[in-house]
Every structure is written in structure tokens, then in C-alpha cells.
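Reviewing the structure listed below.
The first residue in the sequence is number 1, and the count goes up from there. In this text the structure is predicted, and so the values were computed from the model without any measurement. Computed from heavy atoms alone, side chains included, the values below leave out hydrogens, waters and symmetry copies.
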Amino acid sequence: MRKPIGSERSPEQRPERGSMGEPGAPRDQAAERQGDRDATPLSTVVRVRSLLPSLPPAERRVAQRVIDDPEAVANSTITELAQTCGTSETTVIRFCRAIGFHGYPELRLTLATEAGRAQSAGGGRIIGSDISPDDSLEQIVEKVTFADARAVEETASQLDIKMLEQVVDAVVAADRVDVYGVGASAFVAADFQQKLHRIGRVCSAWADAHIMLTSAAVLSSGDVAIGISHTGATVETIDALEVAKARGATTVALTNFPKSPIAEVADLILTTAARETTFRSGATASRLAQLTVVDCVFVGVAQRTYGPTRKALEATYEAVRGRTVRPDRRRR
């Protein structure tokens with residue numbers, strides 16, 4: 001039985017503190033951390049959402065309040081927030097430090113700044129909320145497209161470029177790449193397999209639990225296994241990566257939650273930043289965010305193998321060019 005992630009944090013797992021930094025921390029490092037926070041609207045909410053499952057229950061209630069209404073948190077005292085969440089002020093402070101802030105005042109200030117910037121970007125409209133029974137179809141379209149665009153933007157802004165580079169290096173050097181995913185993640189796995197296969201990379205995508213395990217069992221140290229799971233808690237995908245890792249393959253996880261169980265069996269972790277709503281759980285915004293990361297990996301691999309990739313793309317294009325309807329057969 002796997003031990004849940006997040007119940008105990010080692011010093012290596014603890015996030016860095018806030019922009020004021022540790023005592024004695026260089027000022028340029030503190031400024032850099034603040035700059036990272038200011039890079040995109042609601043970047044704090046994105047970070048809190050990604051860490052939510054790994055937090056203890058009391059801190060999780062505080063985190064959920066930040067996610068649900070960051071503006072209200074920015075306007076609340078620490079006592080008011082603690083009472084609203086049914087917890088103590090000490091827990092609120094622990095939560096602030098867990099997500100990288102020195103204390104509650106810094107969190108309030110950052111949330112207020114980010115909320116104001118997000119409202120300005122939306123022209124004063126609040127379109128990032130969940131879909132309600134009274135929404136018109138026009139409002140539904142607006143909210144869905146906003147959430148989808150936001151998932152892609154926030155995923156790109158928080159993507160670890162150094163980690164991405166390591167994944168690209170591993171795929172380029174791999175003799176074989178196996179991609180695992182079930183449910184909605186299976187479609188993303190199939191998309192990645194098709195892309196790599198078209199440029200001549202040996203790649204397979206598996207969605208069946210038994211085939212995933214048998215495929216992973218014949219991997220070796222020169223191979224790469226990629227597990228895709230929005231929650232990071234999909235048993236079938238975790239088990240396949242675990243077998244692949246035991247065989248010596250380089251294991252990669254693509255998940256929305258960097259401290260989820262799949263991280264325990266992954267050598268490299270790529271994260272998305274998608275928020276699912278009532279009618280779109282686990283299948284829409286998360287899929288678009290995953291496809292964004294997959295495309296980044298694919299283009300990175302294609303660039304590293306530019307010559308062979310160009311030849312493969314030309315050959316595959318030529319192979320299917322004759323399968324389109326001729327102009328003289330089209331309706332007039």
C-alpha cells in the first residue's frame with residue numbers, strides 16, 4: 001500500500017519561502033521569486049490548486065478558500081480567515097509557508113494584486129466562475145472558452161523549462177517510448193504516439209491496464225515510459241510506470257498535481273495547470289493543458305532531430321496526399 005504524498009514533507013520537498021526570503025537570503029533571489037509570482041495573473045491560485053491534494057486537511061480548507069475566492073481572502077484578516085475555514089491562525093501561517101510565502105500579510109498583498117490584475121484583463125467581467133443553471137448559452141460559450149484559454153496560458157507559464165529539456169533529451173535518446181493513459185488521458189497518449197510515430201520515433205500508446213503492464217515489463221534502460229494522469233492518482237498508470245522504472249526505463253509523469261502519487265515513480269515530472277468545472281470534470285480543460293505540454297515535448301524532439309524529422313514529415317505527407325478528395329469531385 002502506497003504512503004500518501006504530502007502527509008510528511010522532507011526539507012527537499014518544501015517550497016521556497018516568499019519574496020522576503022529566508023533570513024540572510026540574497027536580495028536578488030527574493031526579487032526573482034517575486035518576479036515569478038508576478039509573471040501571470042492568479043499565479044498564486046494556480047500554485048495552491050496544484051498543491052491542494054498534498055496538504056493536511058486543515059490547511060486544505062484554507063487552500064480551498066483561496067481557490068474559491070482569492071479576493072475575499074485578500075480582504076480578510078488572519079482571524080477572519082481562520083474562523084471561516086474552521087481552523088486556527090497557526091494553521092493559516094503554516095499554509096502560507098507551505099505554498100512559499102513568509103507569512104499571511106504577504107499572501108494577502110499578492111492575492112489582492114493578482115485579483116486586480118485579472119479583473120482588469122477581463123474588462124471588469126468575472127468570467128472565470130463555474131457554469132450556473134441560469135447561464136445563457138452565450139455565457140456558457142464565454143466561460144468555456146475563457147477556462148480553456150486560461151488552462152493553456154497557465155500551463156505554459158508554470159512549465160519547468162529545465163525539466164522539459166530533460167524530458168526532450170530522454171525521448172531523443174530513447175530506443176523506444178511507451179505512453180500510458182486511461183480515460184481522457186488515453187486520447188492525449190494516442191495523440192503523442194501519433195506525432196512521434198510520424199517523425200520516425202518508435203512509440204506506442206497503451207490504455208488497457210494489462211497491456212500497459214506487459215509493455216512496461218519488457219522495457220529497458222534505453223527506453224522511456226510516460227504516464228499521463230490529471231489527478232496523478234490513476235492506479236493503472238502508476239502501476240505501469242512502477243514496472244517500467246523497475247526495468248530501468250526513464251519514467252516521466254504528466255500531471256496537474258506535482259506531489260501526487262504518480263510522482264513517487266517518476267524520474268521526471270511535467271505539470272499542467274487546469275481547473276475543472278462542474279460539467280467538465282477531468283476531460284476538457286485538463287486535456288487541452290496536457291496536449292499543450294505534449295506539443296511542447298514533440299516540437300522539442302522534432303527540433304533536436306531537424307533533418308530526419310523534415311524527411312519523415314515529407315514522406316508521410318506524400319503517403320497520404322492522394323487520400324484527399326480531388327477538386328473535380330467536390331460539390332459546386
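Identified under the salt bridge (charged side-chain N to carboxylate O under 4.0 Å, His left out) test for residues 73-96, with sequence neighbours left out: Glu59-Arg94. Sorted by first and then second residue, the salt bridge (charged side-chain N to carboxylate O under 4.0 Å, His left out) pairs with a member in residues 290-308 read Glu165-Arg304, Asp169-Arg304, Lys195-Asp295; sequence neighbours excluded. Sorted pairs that involve residues 301-323 and meet ring pair (Phe, Tyr, Trp, His ring centres under 6.0 Å), not counting sequence neighbours, are lacking altogether.
Using modelled atom types and a 3.5 Å distance limit, the side chains of Thr44 and Glu114 yield a donor-acceptor pair. Defined by atom type and a distance below 3.5 Å, a donor-acceptor pair is missing between the side-chain atoms of Thr250 and Asp267. Using modelled atom types and a 3.5 Å distance limit, the side chains of Ser88 and Thr91 yield a donor-acceptor pair.
Within the 3.5 Å criterion, the main-chain N or O of Ile99 finds a donor-acceptor partner in the side chain of Arg47. Between the side chain of Arg247 and the backbone N or O of Leu219, at least one donor-acceptor pair lies under 3.5 Å. Between the side chain of Thr155 and the backbone N or O of Ala273 there is at least one donor-acceptor pair closer than 3.5 Å. Side-chain N or O atoms of Thr271 include none that pairs as donor or acceptor with a backbone N or O of Thr255 at under 3.5 Å. Listed for the Thr87 side chain is no donor-acceptor partner under 3.5 Å among the backbone atoms of Gln83. Arg61 places a side-chain N or O within 3.5 Å of a backbone atom of Gly86 that can act as its donor or acceptor partner. Looking only at distances, no side-chain donor or acceptor of Arg201 sits under 3.5 Å from a matching main-chain atom of Val177. Asn75 contributes a side-chain N or O that, together with a main-chain N or O of Glu71, makes up a donor-acceptor pair within less than 3.5 Å.
Contacts of Arg176 classified as salt bridge (charged side-chain N to carboxylate O under 4.0 Å, His left out), with partners at least two apart in sequence or in another chain: Asp178. Every side chain to side chain contact (heavy atoms under 4.5 Å, CB included) that Asp175 has, sequence neighbours left out, goes to Asp223. Under the side chain to side chain contact (heavy atoms under 4.5 Å, CB included) criterion, Thr237 pairs with Tyr180, Val182, Met212, Thr234, Ile262, not counting sequence neighbours. Under the salt bridge (charged side-chain N to carboxylate O under 4.0 Å, His left out) criterion, Arg49 pairs with Glu154, not counting sequence neighbours. Taking Arg323 as the reference, nothing meets the salt bridge (charged side-chain N to carboxylate O under 4.0 Å, His left out) condition, with sequence neighbours excluded. Taking the side chain to side chain contact (heavy atoms under 4.5 Å, CB included) definition, one finds that Ser136 meets it with Glu138, Gln139, sequence neighbours left out. Here Phe257 pairs with His230 under the ring-ring contact (aromatic ring centres under 6.0 Å, His included) rule; sequence neighbours left out. Every side chain to side chain contact (heavy atoms under 4.5 Å, CB included) that Ile93 has, sequence neighbours left out, goes to Ile78, Arg97.
Applying the 4.5 Å side-chain rule to ILVMFWY residues, one finds Val243 in the same cluster as Leu213.
Salt bridge Glu242/Lys245: absent, no basic N to carboxylate O contact under 4.0 Å.
When all heavy atoms of Lys143 and Asp135 are compared, the closest pair comes out as NZ-OD2, 2.9 Å.
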